[in-house]
Colleague: 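Quick one: the structure is below, and I'll ask about it shortly.
Nothing fancy with the numbering, it's 1 onward along the sequence.
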Amino acid sequence: DAVGRDTFAMLALAGRPMTAAELDEAGVKSLLEADLVVPVATGIAVRHALLAEVIIDLLGPDELTELHRTLARVVTDDGEAARHLQLGGERAAAYAAAMRAAAATDRPGEQAAHLQIAAACATGSDADALRLRAAHALELAHDWTGMLGVLELIDPNNQPARAEAHLLRARGAWTAGDTAGLRRWLDEGLELVAGTGSDVEVQLLIERSRVPIFVTSDVEEGLRASATALELAMRTGIDVARAQYLR
């Protein structure tokens, strides 16, 4: 019946067992009688994951949006609510819930996931700063795909933020063994902040010294590049230890 179908869809979208308090009582009864769900220690669960996939595929866009909004109202965890609010198109509420969730945890992976949602929903003059914060958190959590996705949201007219985004992309390229990407992002980042003496310029110069040292095996250029980076790092106090390591 309709109430059972909606309850089953909520369970499928939640991706986890839900408690009786989170679900419609009549819907749960209908699903138990149809043998589509089972009681478990943490509540009511879909009997088989394939059934959940089927109903999600059958739902139209408007139904999905409304069900995500319903889920956001019944769940008690801010992080979970933020995800459903975002998927339900309620961006301002998703942002607020995600920021509360990020402030409530010190686990890097969880915090990065919450900040990723907040960054996707952020607006206004502080949005790029939050996107960079989220990107750094995702880098720390080794979620390179998530990091790159957040960096795509940076305002193309915000040159300092774009330069920092290129720094993070370069680090991701280095980790992935993508030397062409490493060089591209370093060059494009430095083009945006060359001569500014900013923190990002220092960090980009430090990272660029990797190229002659580890990629092209140009000892003379490696010495020159790392010396330039170290001199600026010591003058500004930015990432001195990393510059000394590469030197």
Colleague: Determine, stepwise, if the pair D6 / D24 fulfils side-chain contact (heavy atoms from CB on, under 4.5 Å).
Modeller: CA-CA 9 Å; D6 286 348; D24 184 275; over 6 Å; no
Colleague: Which heavy atom of R131 sits nearest a heavy atom of L153, and at what distance?
Modeller: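 Between these two residues, the closest heavy atoms are NH1-O, 3.1 Å.
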Colleague: Using 4.0 Å as the upper bound for N to carboxylate O, is an ion pair formed by E221 and R208?
Modeller: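 Here R208 does not pair with E221 in a salt bridge, since their nearest N and O are not under 4.0 Å apart.
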Colleague: Just wondering, more than 12 heavy atoms not from R69 lying within 6.0 Å of its CZ?
Modeller: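 Yes, the 6.0 Å shell around CZ holds more than 12 heavy atoms from other groups.
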Colleague: Taking all heavy atoms of P212 and all of A225, pick out the closest pair and write down the distance.
Modeller: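 Looking at all heavy atoms of both residues, the shortest contact is CG-CB, 4.3 Å.
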Colleague: Can you tell me if E25 has over 12 outside heavy atoms packed within less than 6.0 Å of its CD?
Modeller: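 No, the 6.0 Å shell around CD holds no more than 12 heavy atoms from other groups.
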Colleague: Would you call L64 and L13 a side-chain contact if the rule is heavy atoms closer than 4.5 Å?
Modeller: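 Touching, per the 4.5 Å side-chain cut-off.
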Colleague: For Q244, I'd like to know if atom CD has over 12 heavy atoms of other residues, nucleotides or ligands within 6.0 Å.
Modeller: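 Atom CD in Q244 is crowded, with more than 12 foreign heavy atoms closer than 6.0 Å.
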Colleague: Of L232, V193, L186, which meets side chain to side chain contact (heavy atoms under 4.5 Å, CB included) against L205?
Modeller: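 The option that passes is L232.
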Colleague: Applying a strict under-4.5 Å side-chain criterion to I, L, V, M, F, W and Y, I'd like to know whether L138 and V200 cluster together.
Modeller: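 Unlinked, L138 and V200 end up in two clusters.
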Colleague: Can you name the closest pair of heavy atoms from L85 and A97 and give their distance?
Modeller: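 Closest approach of L85 to A97: CD1-CB, 4.2 Å.
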Colleague: Under a single-linkage definition using a 4.5 Å side-chain heavy-atom cutoff for Ile, Leu, Val, Met, Phe, Trp and Tyr, are L11 and V38 assigned to the same hydrophobic cluster?
Modeller: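 No: no chain of side-chain contacts under 4.5 Å links L11 to V38.
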Colleague: Looking at residues at least two apart in the chain, or sitting in another chain, which of them share a side-chain hydrogen bond (donor to acceptor under 3.5 Å, both in side chains) with D78?
Modeller: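 Listed in chain order: R100.
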Colleague: First locate atom CD1 of I44, then atom CE of M10, and finally report the distance between them rounded to the nearest 0.5 Å.
Modeller: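 One gets 13.0 Å once the value is rounded to the nearest 0.5 Å.
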Colleague: Apply side-chain contact (heavy atoms from CB on, under 4.5 Å) to residues L36 and R47 and explain how you reach the verdict.
Modeller: CA-CA 6 Å; L36 291 172; R47 178 171 288 279; 5.8 Å; no
Colleague: Would you compute the distance between atom CD of E33 and atom CG of D1 and round it to the nearest 0.5 angstrom?
Modeller: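 Interatomic distance, E33 CD to D1 CG, rounded to 0.5 Å: 9.0 Å.
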Colleague: Looking at I213 and S226, what are the two nearest heavy atoms and their distance?
Modeller: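 Here I213 and S226 meet closest at CD1-CB, 4.5 Å.
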Colleague: Would you check if D62 and E66 make a side-chain contact, meaning some heavy-atom pair closer than 4.5 Å?
Modeller: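 Side chain of D62 against side chain of E66, heavy atoms only: no contact under 4.5 Å found.
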Colleague: For the residue pair R73 and H84, establish whether any side-chain heavy-atom pair is separated by less than 4.5 Å.
Modeller: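 No, their side chains stay 4.5 Å or more apart.
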Colleague: About how many Å separate CG of L71 and CG of L23, when rounded to the nearest 0.5 Å?
Modeller: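 Between L23 CG and L71 CG, I get 8.5 Å after rounding to 0.5 Å.
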Colleague: Report yes if some heavy atom in the side chain of L246 is under 4.5 Å from a heavy atom in the side chain of L230; otherwise report no.
Modeller: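 No, every pair of side-chain atoms sits at 4.5 Å or beyond.
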Colleague: Less than 4.5 Å apart, side chain to side chain, heavy atoms only: is that true for L140 and Q111?
Modeller: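 Of all side-chain heavy-atom pairs linking Q111 with L140, none is under 4.5 Å.
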Colleague: Has D77 got a side-chain atom pairing as donor or acceptor with E80's backbone, closer than 3.5 angstrom?
Modeller: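 Flag set: sc D77 to bb E80 pair under 3.5 Å.
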Colleague: Assigning hydrophobic clusters by single linkage (Ile, Leu, Val, Met, Phe, Trp, Tyr; side-chain heavy-atom cutoff under 4.5 Å), is L130 placed with V150?
Modeller: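 In one cluster with L130: V150, no.
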Colleague: Decide yes or no for V28 and T7: does some side-chain heavy atom of the first lie under 4.5 Å from some side-chain heavy atom of the second?
Modeller: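 Touching, per the 4.5 Å side-chain cut-off.
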Colleague: Is the number of heavy atoms from other residues, nucleotides or ligands within 6.0 Å of OH (Y245) greater than 12?
Modeller: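 Result for OH/Y245: open.
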Colleague: Should L59 and V3 be counted in the same cluster of Ile, Leu, Val, Met, Phe, Trp and Tyr side chains packed under 4.5 Å apart?
Modeller: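 Not linked; separate clusters.
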Colleague: When you measure from the side chain of D128 to the backbone of D155, do you find a donor-acceptor pair of N or O atoms at a distance under 3.5 Å?
Modeller: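 Here the side-chain-to-backbone pair exists.
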Colleague: Measuring from atom CZ of R169 to atom CD of E139, what distance do you get when rounded to the nearest 0.5 angstrom?
Modeller: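 The CZ atom of R169 sits 13.0 Å away from the CD atom of E139.
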Colleague: Is I238 close to Q203 at the side-chain level, that is, under 4.5 Å between some pair of heavy atoms?
Modeller: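 Heavy-atom side-chain distance check passes, below 4.5 Å.
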Colleague: Calculate, to the nearest 0.5 Å, the distance between atoms OG1 and CD belonging to T196 and E201 respectively.
Modeller: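 Answer rounded to 0.5 Å: 4.5 Å.
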Colleague: Go through it in stages, so that I can follow the logic: the residues are L132 and L151, the test is side-chain contact (heavy atoms from CB on, under 4.5 Å), and I'd like the CA-CA distance, side-chain angles, deciding distance and then a yes or no.
Modeller: CA-CA 7 Å; L132 288 170; L151 294 177; 4.2 Å; yes
Colleague: When rounded to the nearest 0.5 angstrom, what is the spacing between CD1 in I117 and OH in Y95?
Modeller: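 Going from the CD1 atom of I117 to the OH atom of Y95 covers 13.5 Å.
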Colleague: Can you tell me if H68 and E90 form a side-chain donor-acceptor pair at under 3.5 Å?
Modeller: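 Their side chains do not contain a donor-acceptor pair, so the 3.5 Å distance test is not met.
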Colleague: Can you name the nearest heavy-atom pair linking M147 to A135, along with the distance?
Modeller: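 That closest heavy-atom pairing would be CG-O, 3.5 Å.
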Colleague: Do V211 and L167 sit in one hydrophobic cluster, given that two such residues count as connected whenever their side-chain heavy atoms are within less than 4.5 Å of each other, even indirectly?
Modeller: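 Same cluster.
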Colleague: Going by the rule side chain to side chain contact (heavy atoms under 4.5 Å, CB included), which residues pair with E188 if we only count those two or more places apart in sequence or in a different chain?
Modeller: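 Checked E188 against side chain to side chain contact (heavy atoms under 4.5 Å, CB included); matches are H166, R184, W185.
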Colleague: Check step by step if side-chain contact (heavy atoms from CB on, under 4.5 Å) holds for L51 and F8.
Modeller: CA-CA 9 Å; L51 298 175; F8 192 75; 3.7 Å; yes
Colleague: Taking the side chain as C-beta and beyond, is there a heavy-atom pair between R16 and M18 under 4.5 Å?
Modeller: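 Of all side-chain heavy-atom pairs linking M18 with R16, at least one is under 4.5 Å.
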Colleague: What are the two closest heavy atoms between H114 and G79, and how far apart are they?
Modeller: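 In this case the closest contact between H114 and G79 is CE1-CA, 3.5 Å.
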